[in-house]
Every structure is written in C-alpha cells, then in structure tokens.
Chemist: 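Okay, here's the structure, questions in a sec.
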2 protein chains.
Amino acid sequence: MTKARAGRVLTLDGDPIAEHGKRSVREGLLQRFIHRIVSGELAEGSTLPNEAELTAQFDVSRTSLREAMQYISALGMVRSRTRAGTTVLPRENWNYLDPLVLDAMLTLCADEDFYASLIDARQLLEPAAAAQAAAKATARQLYQISKAFEDMVEANSRDNEAWSRADLEFHTAIIDASGNWVYRQFATAIRAALLASFRLTNRASQSHEQAIMKHQDVLDAIRMRRPEAAKHAMEQLIGVARSEINEALRKSRTAAS
Amino acid sequence: MTKARAGRVLTLDGDPIAEHGKRSVREGLLQRFIHRIVSGELAEGSTLPNEAELTAQFDVSRTSLREAMQYISALGMVRSRTRAGTTVLPRENWNYLDPLVLDAMLTLCADEDFYASLIDARQLLEPAAAAQAAAKATARQLYQISKAFEDMVEANSRDNEAWSRADLEFHTAIIDASGNWVYRQFATAIRAALLASFRLTNRASQSHEQAIMKHQDVLDAIRMRRPEAAKHAMEQLIGVARSEINEALRKSRTAAS
DNA sequence: ATCAAAAAATAAATCCTATTTATATTGACA
DNA sequence: TGTCAATATAAATAGGATTTATTTTTTGAT
C-alpha cells in the first residue's frame with residue numbers, strides 16, 4: 001500500500017508553505033476520517049457514532065472532532081442534524097476536487113474508470129484552456145508558461161523531480177492564463193492526474209525529448225496567438241499522456257495478476 | 001441588493017431536505033463571513049482580527065466562530081496558523097463550485113466575465129457529457145433524463161417554477177449519466193448558471209416551444225445512442241442559453257445606464 | 001384500537017474557561 | 001551585523017455546562 005503523504009517531495013495539497021514533517025491533531029484526524037469514508041469503512045448513508053464514542057475512538061477532544069466535522073461537512077461528505085446524528089452523504093455530494101479527498105481517492109480506490117474520467121476531462125478542458133490562453137494571456141501569464149517550459153528543458157532527464165514540478169507548473173499556468181474561473185477549478189484535478197502519472201510511469205529518458213517537443217508546440221502556438229493551433233497542440237500532448245497512463249495501468253494490471 | 005437565500009423557491013444549496021425558514025447561528029455566520037470575503041471587505045491576503053475581536057464583532061461564541069473558520073478553510077478561503085493569525089487566501093484557492101461561495105459570487109460580483117466563463121464552460125462540458133451519456137447511460141439514467149424532459153413539457157409556460165426545476169434536472173441528469181466524476185463536479189456550477197439565467201431572463205412564452213424542441217433533440221439523440229448527434233444538439237441548446245444570457249445582460253446594462 | 005397531542009430522551013449546537021503549542025518578534029550577546 | 005534564546009501572542013486543543021431541535025415514547029381522548 002502506497003502511503004501517499006507525509007514527507008513526499010510532491011504532494012497534492014497546493015499550499016505554497018513548505019511541508020512540516022509534523023502533523024497537527026486536526027490534520028491527522030481529517031485524513032483518517034476522510035480515508036475511512038472514501039474507503040467505505042464509514043459507508044454512505046450510515047450514521048456515525050455520537051461524539052462521545054468518536055472522541056474515544058479517535059482519542060481526540062470534542063473540539064478537534066467537531067472542527068474536523070465542520071471541515072468534512074464543507075467537503076460535502078457528512079451532514080449533521082440535531083438529534084438525528086451525523087450521516088455520511090452519498091458520493092455525488094463529495095467534493096472530489098479537494099486535495100484531501102482526491103488524495104484519498106488516488107491512494108484507496110483509483111481504478112481504471114477513475115483515471116479514464118480524469119484523462120477525458122483533461123482532453124476536453126486543457127485544449128480549450130490553451131486556446132483561450134492563446135487568445136488572451138497577459139504578458140505575465142505568458143512569462144509563467146515560458147518559464148515553466150524552460151524549467152522543463154533545464155531539468156530534462158537529469159532531475160526527475162524538477163521535471164515533474166515544471167510539467168505541473170506548465171499545465172497549471174496555461175489553465176490560469178485561460179482566464180476562465182471554471183477551468184481554474186480543475187487545476188487540482190489536473191495536478192492530481194499529473195502526480196498520478198508521475199507515480200505510475202517511469203519515463204524513459206528518450207521520451208523526455210518527445211515530451212519537450214510537444215510542450216514546445218503548445219507554447220509556440222500560445223505565444224503566436226494562434227488559438228486553434230494551441231488547441232491542437234494541447235490535444236496531441238494530452239493524447240500522449242493518455243497513452244502513457246493506459247500503458248502504465250496495463251503494466252500494473254498484468255504485474256498484479 | 002438582492003438577498004439571495006432564505007425562503008427562496010429555488011436555491012443553490014443542493015440539499016434535498018426542505019429549507020427551514022430559520023437559520024442556525026452557524027449558517028448565518030458562514031454566509032456573513034463568505035460574503036465579507038467575496039465582497040472584498042475582508043481582502044485577500046489580509047489578516048483577520050483575532051478570535052476575541054471576531055466573537056465580539058459577530059456576536060457569537062468562540063466555538064461557533066472556530067467551526068465556521070474550519071468550514072471556510074475547507075473552501076480554501078482562509079488559512080489559520082498559530083501566532084500568525086488567520087489570513088484570507090487569494091482567490092485562486094477558493095472553491096467557487098461550492099454553493100455558498102457561488103451564491104455569494106452571483107449576488108455580489110457577477111460581472112459579464114463571470115457569466116462568460118460559466119457559459120463557456122457549459123458550452124465545452126455539456127456537449128461532451130451528452131455524448132458520453134449517449135454512449136453509456138444506464139436505463140435508470142435514461143429514465144431520469146426522460147422524466148425531466150416530460151416535466152418540462154408538462155410545465156410548459158404555465159408553471160414557471162416547475163419548468164425551471166425540470167430544466168435544471170434535465171441538465172443535471174445528463175451530466176450524471178456521463179458517468180464522469182470530473183464532469184459531475186460541475187453540476188453545481190451549471191445549476192448556478194441556470195438559476196442565474198432564470199433570474200435574468202423573463203422567458204417569453206413562445207420561446208418555450210423552441211426550448212422544448214431543442215431539448216427534445218438532445219433527448220432523442222441520447223436515447224438513440226448517437227453520441228455525435230447528442231453533442232451537436234447540446235451545442236445548439238447551450239448556444240441558445242448563451243444568447244439569452246447575453247441579451248439579458250445587455251438589457252440590464254442599458255437599463256442601469 | 002387509533003390517532004393526536006404532550007412528554008421524555010437524545011444528540012448536536014452553542015457557550016464558556018483553561019491549558020498547551022507553535023511561531024513571530026524582540027532583545028541580548030557575540 | 002548576524003545568531004540565538006527569551007518572550008509574547010494567537011491559534012490549537014481539551015473538556016464542562018447549557019440550549020435547542022428532533023425523534024420516540026407515552027399518554028389521553030375518541
């Protein structure tokens with residue numbers, strides 16, 4: 001089982017502040033709770049034990065427990081009502097785009113369909129975002145995209161972690177440059193998809209060259225203000241990502257059997 | 001100023017439980033807080049007053065305040081750190097898809113760009129969702145789409161509220177039938193867009209007929225399992241929605257000047 | 001026996017006080 | 001001037017007491 005967080009170089013939660021190895025009571029509680037819900041240990045529709053039992057079970061104070069509940073209720077995972085208790089809401093209410101939830105999904109129950117949805121969404125959204133970026137990116141936004149690309153080139157096959165970080169930044173910067181707030185909401189999902197692909201695939205050094213060329217195409221089209229070209233180039237790029245993920249999944253499947 | 005919630009027939013928060021006219025301390029506090037942040041009264045990057053002052057300002061207990069903070073921090077709007085205080089995070093971290101946040105945006109600062117992003121996203125996503133729905137909707141999902149359509153026909157121009165509700169359900173059901181969890185995350189945003197258009201436009205009774213025909217096209221294509229046709233029909237449908245919104249915005253603009 | 005109104009019981013919601021912990025700031029010292 | 005330790009501050013955590021909203025049960029009338 002792949003423990004996903006603590007001490008990782010790249011994590012999902014997008015906070016700019018460096019990770020502190022330590023975890024507060026609240027953080028741990030949140031993660032444990034979300035994991036139990038996502039894993040189904042606390043089933044949808046079921047009612048949680050009351051406060052007293054939960055404080056005992058998790059060995060935390062009522063305050064911490066209640067605050068964790070508030071947080072989780074903001075994610076659409078539980079709802080508390082007086083007298084009726086706290087119940088786990090059905091999945092369709094969950095906010096999967098939240099880093100904590102997404103992380104739990106990826107480590108606990110990311111099946112083929114899950115990745116397929118993610119890559120389908122990318123294939124739809126990112127080309128559109130690239131086109132919009134080509135149409136109306138500001139100078140600053142263009143710079144950020146360019147910068148990310150240069151960082152990728154710089155890292156190349158030497159520094160895998162820097163490569164990943166720059167790749168992530170490249171895609172994020174394009175979505176940001178689209179100027180569409182709805183698209184921006186997907187940044188976390190796309191980051192998750194990329195992180196997953198980094199986890200799954202062991203990029204052969206030769207494919208770095210190919211990847212760089214495809215990224216270059218996207219960047220050039222955006223810089224030349226050619227929306228259609230940008231869209232097309234991004235479609236190509238995501239197409240590669242899709243086949244990489246598929247191959248990785250196929251491998252891990254055969255390895256498992 | 002349009003007070004958006006309490007007692008509305010159609011609201012954004014998707015809870016299936018009927019609205020109770022009353023509002024708990026927590027609900028009120030949440031809304032007040034979110035409004036202050038969205039409106040900019042509590043500016044991005046600024047540090048909130050400490051707990052003592054806030055409890056006085058909002059006239060609630062520390063417990064309620066802290067729980068509200070937890071909730072809001074789950075929405076990516078604030079971050080608390082010991083000693084440093086609680087700061088308002090930059091907008092790019094906010095979860096705009098949360099009903100409370102979206103509602104605040106719509107009532108406080110929904111400009112043309114905001115609606116443009118929303119409609120662009122719909123134009124991108126819903127056709128794709130319709131295509132997927134045509135490809136793989138289950139019998140149950142097909143039924144839900146059909147049911148929503150029939151409700152629209154039934155309501156027609158007689159019952160405006162029922163029409164709106166059915167329209168909402170139609171689009172939601174299609175997204176749901178796409179089977180893509182990423183698309184499903186958009187449901188709230190699309191509901192918001194529709195609600196906004198209901199608010200903005202006073203549909204002439206003749207256009208109901210046209211709307212029904214276009215919805216019929218989408219439904220038929222999905223039923224006949226023709227993804228491309230479904231996609232095209234949905235593109236047409238959203239195209240109409242786009243021009244309606246644009247016209248309504250143009251009117252309200254000229255009315256304002 | 002049936003149904004409705006009143007009472008009890010339960011679990012969350014709210015309020016409060018005390019203590020601990022993390023960290024920004026300050027000041028002493030090299 | 002820069003480093004390190006002391007200090008102060010604000011959040012984090014703990015837990016007791018009370019209130020409120022509901023469900024369930026009981027009671028009472030028909």
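Numbers restart at 1 for each chain; the letters A, B, ... are given by sequence-line order, proteins then strands.
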Chemist: Taking atom P of D/dA10 as reference, at what distance in whole Å does atom CG of B/Leu65 sit?
Modeler: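 My rounded result for the distance is 14 Å.
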
Chemist: Going 5' to 3' through nucleotides 8-18 of chain C, assign each nucleotide B (protein heavy atom under 4.0 Å from a base atom), S (under 4.0 Å only from sugar-phosphate atoms) or - (no protein heavy atom that close).
Modeler: -BBBBBBBBBB

Chemist: Please enumerate all residues that pass salt bridge (charged side-chain N to carboxylate O under 4.0 Å, His left out) together with A/Arg140, with sequence neighbours excluded.
Modeler: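 Expected list: none.
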
Chemist: Could I get the full list of salt bridge (charged side-chain N to carboxylate O under 4.0 Å, His left out) partners for A/Glu41, not counting sequence neighbours?
Modeler: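 Partners of A/Glu41 by the salt bridge (charged side-chain N to carboxylate O under 4.0 Å, His left out) criterion, ordered by chain and then number, come out as A/Arg36.
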
Chemist: Could I get the full list of side chain to side chain contact (heavy atoms under 4.5 Å, CB included) partners for B/Arg66, not counting sequence neighbours?
Modeler: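 A/Glu67, B/Glu51, B/Arg62.
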
Chemist: A/Tyr115: which residues meet the ring pair (Phe, Tyr, Trp, His ring centres under 6.0 Å) condition with it, sequence neighbours left out?
Modeler: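 With neighbours one apart ignored, the set is empty.
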
Chemist: Taking salt bridge (charged side-chain N to carboxylate O under 4.0 Å, His left out) as the definition, give me every residue that meets it alongside A/Glu150, ordered by chain and number, with sequence neighbours left out.
Modeler: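 Result, salt bridge (charged side-chain N to carboxylate O under 4.0 Å, His left out) vs A/Glu150: none returned.
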
